[in-house]
Amino acid sequence: MQDYKPEEIEPKWQNRWEADKLYRAEVDWDRPKHYALTMLPYPSGDLHIGHWFAMTPSDARARFMRMRGYNVLFPMGFDAFGLPAENAAIQRNIHPAKWTYANIERMRTQMRSMGNMFDWEREAVSSDPKYYKWTEWFFKTFYENGLAFRGEAMVNWSPTLQTVLANEQVIDGKDERTGQPVIQKMMTQWFFRYTRYADEMLDFSRIDWPEPIKLMQENWIGRSEGARVIFHTEDGDEIEIYTTRPDTLWGATFMVLAPEHPLVETITTKKQKKAVQAYREQAASMTEIERTGENREKTGVFTGGYAINPVNEEHIPIWIADYVMITYGTGAIMAVPAHDQRDFEFARQFDLTITPVIQPADMDPLDGETMDASYVGPGEMINSGMLDGTPVNNEKGRKNPSIAKVLDWLEEKEIGKEAVNYRLRDWLVSRQRYWGCPIPMIHRADGEMEAVPDAELPVTLPDDVEFKPTGQSPLTYHEGFLNVTDSDGNTGRRETDTMDTFMCSSWYHYRYLSPDYDAAPFDPEEAAYWLPVDVYTGGAEHATMHLLYTRWFARAMRDTGVFEETAEIMRAHGRDPEGAFDEPMLMLRNQGQVLGSEQAGDYVIAQGSFDGSRLLAEHVKVIEPGAVPAGFDGVFGEIIRRTESILHVDPGDGNMSIVEVQENATVEIPEIEGENDVNQLRQHLEIQRMSKSKGNVVNPDELVAEYGADTVRAYLMFAFDWQKGGPWDPQGIKGVVRWISDVWTLVHETAADPTTDHVETQNIKEVISVQRAMHQAIIKVTKGIETFSFNTAIAAQMEYKNTLQKLKNSTVIYTTEWREAIRTMLLLMAPVAPHVAEELWERVGGDYSIHQQAWPEGDPQLAAEDEITIVVQINGKVRDKLTVPADVSEDIAKEQALASETVQSHLDGTTPKKVIYVKGRLVNIVV
RNA sequence: GGGGAAGUGGCGGAAUUGGCAGACGCGCAUGACUUAGGAUCAUGUGCCUCCGGGCGUGUGGGUUCGAGUCCCACCUUCCCCA
């Protein structure tokens, strides 16, 4: 028997599969299609274990679907535009394209080592002109259909990156990528009408996506129902507000405008001008998060102006305050301090009137003077003129009788209108960067905008660019790029903003269909067959970004007619295109994250002199935990944290000691030869994300070199609940190593020679055991892979292998049934460990390729045990077990249970109150 | 503060969805084979035990013949949003 050498068989089969175009997916209307997709990576440089965790189980499932008779498309590509490339350009003077394509080349090689069934002929790279030509074309199409527009907006501006960021890219007031602060700035930018499809995107009825993702998208879209109401200033200027609680209008005792509100200039009185100006400047320097933080003391300034409350003609003061955002609603609110906590705090802070307009039934009448918090519960309307007495409940929108009544009243009096508002803002697509898809627009000589003609697409990024350390986009000072002739023959200026990279990744699954197609973004012949994506896998962190953008994009494509030809072809093939383009991905599953493993810190003893409670150590030695010499004088324990030469040492009782290792101190680490220093001391690591700085990164290339890709794949699928992820355990991989090597041995020992004559076994019992184990395994593995429970699918295979191992010394080997059992074992293994399965398949004389064989069918009849164990319970506690024929009748089971000795002794002569029988499971005797 | 997910042996994790808790694997223990063992093989392994049994799925209650699973309250961790 040869040894199992993955380093030989894996490249061998990878090359063979590639040469044979085994995974080439082609349109075939006679076969059912399955479009499996996993999120495309950003070419950051090296493939890490997270990529493996995302891609190889998805591959296993795609392979499984293929064996089940589907024509499977499983493509891969790169989301290749983006800031890291540009940062590399600025810092290391490498052109972004060079950096990007070198990384892609490297990652392609690494990806090939996974043994995935990627159809590389479908590869798409978003930074290729032949790809971004169509990204530009989409922009243009959306522009021409009113879905893209130029607008003035308060934007997140990153001074470090010199670019605008989308809200999703700003975390806690800082840029998500660099962690640098982001400021608010008014700018003219390109937007997509994101809210156009807000309502449609709230409908998830066509898609099978995880509940948490749907919920996050729902919250992100943030639909609310209420009213828009027009207030007027004393001078007659209109101030429009949006409120979800129009039933509290009578309690609006002041108004608050966002500091950036355009009306602030007009209404501010001379006397207040200085204070208002100062406040506006201060607000501009703060981030939205800082401004809306709930525990913050409320700040604000009176403008000196007054507005008239349209429902009761009261003159109410107009303030500005930073807790009102110009970007949300209308940038102005009516303040109802009695029934809104933020307004309440503001009113108390500045001693403004509080008028209750909802009175709860079981409380003393509310008094604005003495209330210590706003009241937000149900009750009935008061102080609201003719609407007094209207009941108020906890419902939102029209379901609340008070809101319904006020809405009608407002519309009748023409004071306000029923309105829906979204938290979702329009999608800001402008980026002041070089390494992104150009926006194909021209600023004409006359100041108007016009789109670049189709024939001139794509607008390509110039190669000869110089990156300045200011971070400013080189497009803004590249004369050759900037100067352009508009359609009237005048000199215009090219748009220098490029697109958000989420634009590129919103449609890549269409480009995969025909990456070289030049007449349209995708070949409708391909699209008609493959669309939509059947299974999409990727990380949940994209819930409100990529996964929402791509849903929007599909609808925008649909409504701009991009799918018309595709629909025609579908009809020609008898497929109904109705609804086929509404949702881009029918099923979504998220994988979890592989985290770093927990690592104990070195256990040390340290000696030196004490400076207060701090030990100035002259000598530090790593020892076995707890092996502290008797009478030791100094500090000992596990190193929990180390910062430079300062150690936090925990002796085990949680009382941390601080040890400062002196410059000339001696450090002794027995495990590490030679002279040691303080930097080699290892600190305790919690389970957390892998990162280079924490030193807990698992490198897949090294694992593949040591164990082979099949083992790494199988371990990633076996060790975690795939949808949850978890800490990496370097020990655990041994289990998978043993499994594969056991299979290897088992196959060679019992089935390697295809010419061996089959003998009939005399022992029918063993044959039945083999068949039963086989069908049980087929059923479990099938279900496991189908439901993304890869760990149980592999557990079932291990169990099956264990059973076969136990029988390998019996007469059953070399029988037809045994050979079938071995072949089935390999077929079940094929999606998980494609190389070793192929190798062994060949060695047992199977037809090439194992990956083109049909998935075995599990027969529940053959899987069923003929004898089963029935549990006998008394009052729900297990007291005895019976072995009975599987088809035992209820009466006999009960009878046998009652006859059991243990039961009799427990009954002690009494008659049971009730006997419950669960078919094939248990008898429960109630006494 | 709001919303969501989760909490099961020393560890990763199973449990036909209300029916034998702990599949499978790691680790550990004992033994075998070995010049050696971070290899391999065999057996065992939830906890306690007076060896009768008792207790066990974060805590406390509830529903049920029966609860890891359903309901209520609480605690802890993680994620999303403010």
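Proteins get letters first, then strands, A, B, ... in listed order; numbering begins at 1 in each. Every value quoted in this text rests on a predicted model; they were computed, and no experiment measured them.
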Base-pair map of RNA chain B as dot-bracket, where | denotes pairing with a different strand and pairs are Watson-Crick or G-U under 3.5 Å: (((((((..(((......[....)))((((((.......))))))(((....)))..(((((..]....)))))))))))).

Separation between the C1' atoms of B:A32 and B:C24, rounded to whole Å: 25 Å

A:Thr883 and A:Glu867 side chains, donor-acceptor separation under 3.5 Å: no

Under the ring pair (Phe, Tyr, Trp, His ring centres under 6.0 Å) test, residues paired with A:Phe346 that sit two or more places apart: A:Phe254, A:Trp319, A:Tyr323, A:Phe350

Pairwise C1' distance, B:C75 and B:G60 [rounded to whole Å]: 10 Å

side-chain hydrogen bond (donor to acceptor under 3.5 Å, both in side chains) partners for A:Lys724, two or more places apart: none

Distances under 3.5 Å only, N/O to N/O: pair up the protein atoms with those of nucleotides 44-54 of chain B.
none

Rounded P spacing from B:G31 to B:C20 in Å: 37 Å

Which residues share a ring pair (Phe, Tyr, Trp, His ring centres under 6.0 Å) with A:Tyr536, sequence neighbours left out: A:His546

Closest to the A:Arg423 side chain, choosing from B:A82, B:G3, B:C65: B:A82

B:G46 versus B:G9 - spacing of their P atoms, nearest Å: 13 Å

Over 12 foreign heavy atoms within 6.0 Å of CD, A:Gln2: no

Gap in Å between the two P atoms, one belonging to B:G19 and one to B:G66, rounded: 15 Å

Rounded distance in Å between the P positions of B:G7 and B:U57: 13 Å

Nearest-nucleotide 5' precedence on RNA chain B, A:Met216 against A:Val926: A:Val926

Salt-bridge present (A:Glu786, A:Lys783; N to O < 4.0 Å): no

Separation of the C1' atoms in B:G13 and B:U8, to the nearest angstrom: 9 Å

Sugar-phosphate, base or nothing in reach of A:Gly725, heavy atoms under 4.0 Å: sugar-phosphate

Polar contact flag, side-chain donor to acceptor under 3.5 angstrom, A:Gln349-A:Glu345: no

Spacing of the P atoms in B:G10 and B:C28 (rounded, Å): 16 Å

Where protein sits on nucleotides 20-34 of chain B, one letter per nucleotide: B base, S sugar-phosphate only, - none, heavy atoms under 4.0 Å: B--BBSSS-------

